[in-house]
Amino acid sequence: MNANTEKVVQRLAYEGLLTSNTVLPRKRRITVQEALAAAEEEPRILEVLPAVLLYKPSILAGLEKDLKKDRKLARLVENLRLGTNPEMDFFGIPARDYLKAAEHFRRCLSEKKAAQKSMVLNLRVSPEELKKIKRLSEAMGGIGLSETIRTLIHEKAL
């Protein structure tokens, strides 16, 4: 799996849209173009991309700019959002497949918001430990301290 495909699968796994035995979920920003390129290697991405476009487009960096560049993609997204052509294929994926994935994702998002609340945790760390956490966060793509700690917990959980 190339680095771009791995990055996209990591984010989609983080959102609960895909599962993978070889990739750990990570919260990383991706673009539509990265997702479309990764779909050539991992076709499942095209089945879940409409769910992202409909219900959580914020994970796609530069979406509006990408839509302005690609008129075909812009029309597809507009039709998805308006629901004007429910039988329309999405890059060859039948509507019944991507709509099923999108509805499942919508339900998961609403259940997650209702059931999961973040908790605040105060930690006492030394200045050296804080520097290490910040360096690790930067090495992981500048994902932030909280997300760095979450990733470490998931990677080291027993």
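Salt bridge annotation for E15-R11: present, with a cationic side-chain nitrogen under 4.0 angstrom from a carboxylate oxygen.
One finds the CD1 atom of I59 at 9.0 Å from the CG atom of L53 (value rounded to the nearest 0.5 Å). Separation of atoms CZ (R124) and CG (L130) is listed at 14.0 Å; rounding is to 0.5 Å. Distance check, rounded to the nearest 0.5 Å: CD of E138 to OG1 of T148 gives 9.5 Å.
The side-chain contact (heavy atoms from CB on, under 4.5 Å) check on A38 picks up N4, T5, V8, I45, with sequence neighbours excluded. For E129, the side-chain contact (heavy atoms from CB on, under 4.5 Å) criterion is met by V125, S126, not counting sequence neighbours. E42 is linked by a side-chain hydrogen bond (donor to acceptor under 3.5 Å, both in side chains) to R44, counting only residues two or more places apart in sequence or in another chain. With sequence neighbours excluded, the residues that form a side-chain contact (heavy atoms from CB on, under 4.5 Å) with P57 are L63, R81.
Summarising the geometry of V48 relative to L17, their closest heavy-atom pair is CG1-O, 3.7 Å, with the distance given to 0.1 Å.
Contact of the L152 side chain with the I133 side chain is not registered, since no non-hydrogen atoms from C-beta on lie closer than 4.5 Å.
Sorted by first then second residue, the side chain to side chain donor-acceptor pair (under 3.5 Å) pairs that include residues 59-77, not counting sequence neighbours, number zero.
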In a table with atom names and distances, give each donor-acceptor pair under 3.5 Å that connects a side chain of residues 21-33 to protein atoms at least two apart or in another chain.
residue	atom	partner	partner atom	Å
T22	OG1	S20	OG	3.3
R26	NH2	M140	O	2.7
R28	NH1	Q10	OE1	2.7
T31	OG1	E34	N	3.0

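Of the possible donor and acceptor atoms, one in the side chain of T151 sits under 3.5 Å from a partner among the backbone N and O of E147.
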